[in-house]
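Just so we're clear, the structure is a prediction, and the values are computed from it rather than from any experiment.
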Amino acid sequence: SPGFSMNLEEKLRMAEALADLGVDVMEAGFPIASQGDFESVLSIAKHFAKDGPVVCGLARTAPVDILRAAEAVRPAARKRIHSFVSTSPLHMRVKLRLEPEEVLELVTSSVSLARQHTDDVEWSAEDGTRTEPDFLCRCVEAAIKAGATTINIPDTVGYAVPEDMTRIFTMVRERVPGADRVVLSTHNHNDLGLAVANTLAAIRAGVRQVESTVNGIGERAGNTPLEEVAMAIALDGETLGLRTGIRLDALWDLGRLVAECTGIPIPANKPVVGPNVFATEAGIHQDGLLKHPDTYLPFRPEAVGAPGIDLRLGLHSGRAAIGARLASLGYTLSGEELDAVVARAKAAPKSAWED
C-alpha cells in the first residue's frame with residue numbers, strides 16, 4: 001500500500017501480534033522482491049520454527065521465484081508457497097504476452113515445483129474475476145492436479161459484486177474435478193467499497209479461507225479488512241454456521257499497532273476499530289446509549305478491546321448527555337436548571353465547544 005512500510009523489527013512485532021490474534025496463515029512477504037523482503041520472511045519463519053501459524057511466501061511462476069520463497073519459509077514449522085499467474089484475457093495479452101495454453105503450462109510447472117519443497121501450496125488466478133469461466137476452470141483443475149491444496153480466486157481490481165462471487169465459486173465447486181479436496185480462498189480489493197460484502201458472499205458459496213489485511217491496507221483502495229470480516233462472521237455466525245479463531249478483543253490494539261508501525265493513522269470512520277466507532281454527538285443516539293448500549297451499537301466496545309462508549313458533547317448533544325456529563329462532574333441540577341444549561345449550550349458558538 002502506498003506510504004505503508006515497516007522495518008524488520010516492526011514486521012516481527014506484527015507477526016507476533018497476528019499469531020496472538022489467532023490467524024491461521026500469515027503471508028509474510030514476497031521473497032524474490034528484494035533482499036530485505038527475503039530476510040523478513042526468513043526471520044518470521046525462524047520465529048515460528050517450533051509452532052505458530054502457517055508462514056507463507058509469495059511467488060510468481062518463475063522457478064527462481066519459487067525457489068527463493070522455498071528457501072525463505074523453510075525454517076517454519078508450518079510453511080506454504082503461494083504461486084500466482086494472471087488468467088484474464090487482458091492480463092495474458094498485455095502483461096504476460098502469452099497464449100492461454102502457455103499460461104496453463106505455467107500453472108502446472110509452478111505448482112509442481114512448489115510441491116517439491118512443501119506439501120502446502122496455494123495457487124492464485126490473478127485477475128480471476130475477469131477471467132473467462134471455462135479457462136478459469138481449466139486453470140484451477142490444472143493447479144489441483146499439480147498438487148495445489150488451496151485455490152485462490154482474487155478480485156484483483158475490485159471489479160466484482162457479491163453476485164459474481166456466488167457465481168464464480170459455485171461454478172468452481174460444481175465443475176472442477178477435485179475442488180472438494182482443496183480449500184477455496186477469496187482475495188478482494190475495495191475499489192467499489194464491496195470487499196467485505198464480496199468476501200461474505202464467497203464464504204456463503206463455499207470459501208473457507210479469507211485473504212485480508214489489518215485495517216484494510218492494500219493497493220489502491222485497499223484489501224478486505226480482517227477486523228470487519230472477523231466481526232461480521234462473529235455476529236452472523238449462527239446463520240453462516242461458521243466461526244473463526246480470531247481473538248476479537250485484540251482487534252482494537254492490533255489496529256493501532258499497524259498505525260504506529262506504518263505511521264498512517266486509522267481513519268475516524270473506519271469500521272470496527274476507527275476512533276468514531278463508539279463515539280456519538282447526536283442527542284437521540286446519546287439518550288439511547290445512556291439507557292442501553294445495544295440501542296445504537298451492533299456490538300459492545302469491550303468485544304473488540306476498545307476503551308468504551310464516547311459521548312462527545314457538542315452542538316448536536318441533547319439534554320440526556322449534557323445532564324449525564326454534569327452528574328459525572330458532581331453537579332446535581334434541578335430540571336429547570338438543566339434546561340437552562342442546555343439552552344445556553346445550544347446557543348454557544350461552535351468555537352466555544354472546540355475550546
Inset, instruction - Indicate the atoms forming the closest heavy-atom contact of Phe30 with Leu58, along with that distance. - result: CD1-O, 3.2 Å

Inset, instruction - Enumerate the residue pairs fulfilling ring pair (Phe, Tyr, Trp, His ring centres under 6.0 Å) with a member in residues 146-189, sequence neighbours excluded, ordered by first and then second residue. - result: His187-His189

Legend entry - ring pair (Phe, Tyr, Trp, His ring centres under 6.0 Å) partners of residues 292-323, not counting sequence neighbours, each pair once: Phe278-Phe299, His285-Tyr296

Hey, can you pull the donor-acceptor pairs under 3.5 Å for the side chains in residues 250-261, sequence neighbours left out?
unit_1 : atom_1 : unit_2 : atom_2 : d
Arg256 : NH1    : Trp252 : O      : 3.2
Arg256 : NH1    : Val273 : O      : 3.1
Arg256 : NH2    : Val273 : O      : 2.8
Glu260 : OE2    : Arg13  : NH1    : 3.4

Inset, instruction - Kindly give the heavy-atom pair with the smallest separation between Pro225 and Ser212, and that separation in Å. - result: C-CB, 4.2 Å

Legend entry - NZ or CZ of Arg68 within 45° of Phe38 ring axis and under 6.0 Å: yes

Inset, instruction - Answer yes if the side chains of Thr131 and Thr87 hold a donor-acceptor pair under 3.5 Å, and no otherwise. - result: yes

Could you pull out all donor-acceptor pairs under 3.5 Å where a side-chain atom in residues 171-183 meets a protein atom, sequence neighbours excluded?
unit_1 : atom_1 : unit_2 : atom_2 : d
Arg173 : NH1    : Ala205 : O      : 3.0
Arg175 : NH1    : Asp134 : OD1    : 3.2
Arg175 : NH2    : Asp134 : OD1    : 2.7

Legend entry - Ion pair check, Glu16 and Lys11, cut-off under 4.0 Å: no

Inset, instruction - Answer with yes or no whether the side chains of Ser124 and Asn152 bring together a donor and an acceptor at under 3.5 Å. - result: yes

Inset, instruction - List the atom of Met92, the atom of Ser86, and the distance in Å for their closest heavy-atom pair. - result: CG-O, 3.7 Å

Inset, instruction - State the CD1-CG distance between Ile309 and Leu297, to the nearest 0.5 angstrom. - result: 5.0 Å

Inset, instruction - Using the test salt bridge (Lys or Arg N to Asp or Glu O under 4.0 Å), find all partners of Asp119 that sit at least two apart in sequence or belong to another chain. - result: Arg115

Inset, instruction - List for me each residue that meets salt bridge (Lys or Arg N to Asp or Glu O under 4.0 Å) alongside Glu228, sequence neighbours excluded, and say none if there are none. - result: Lys270

Legend entry - side chain to side chain donor-acceptor pair (under 3.5 Å), paired with Arg204, selected from Asp236, Thr199, Thr170: Asp236

Inset, instruction - Measure across Cys56 and His82 and return the closest heavy-atom pair with its distance rounded to 0.1 Å. - result: SG-CB, 3.4 Å

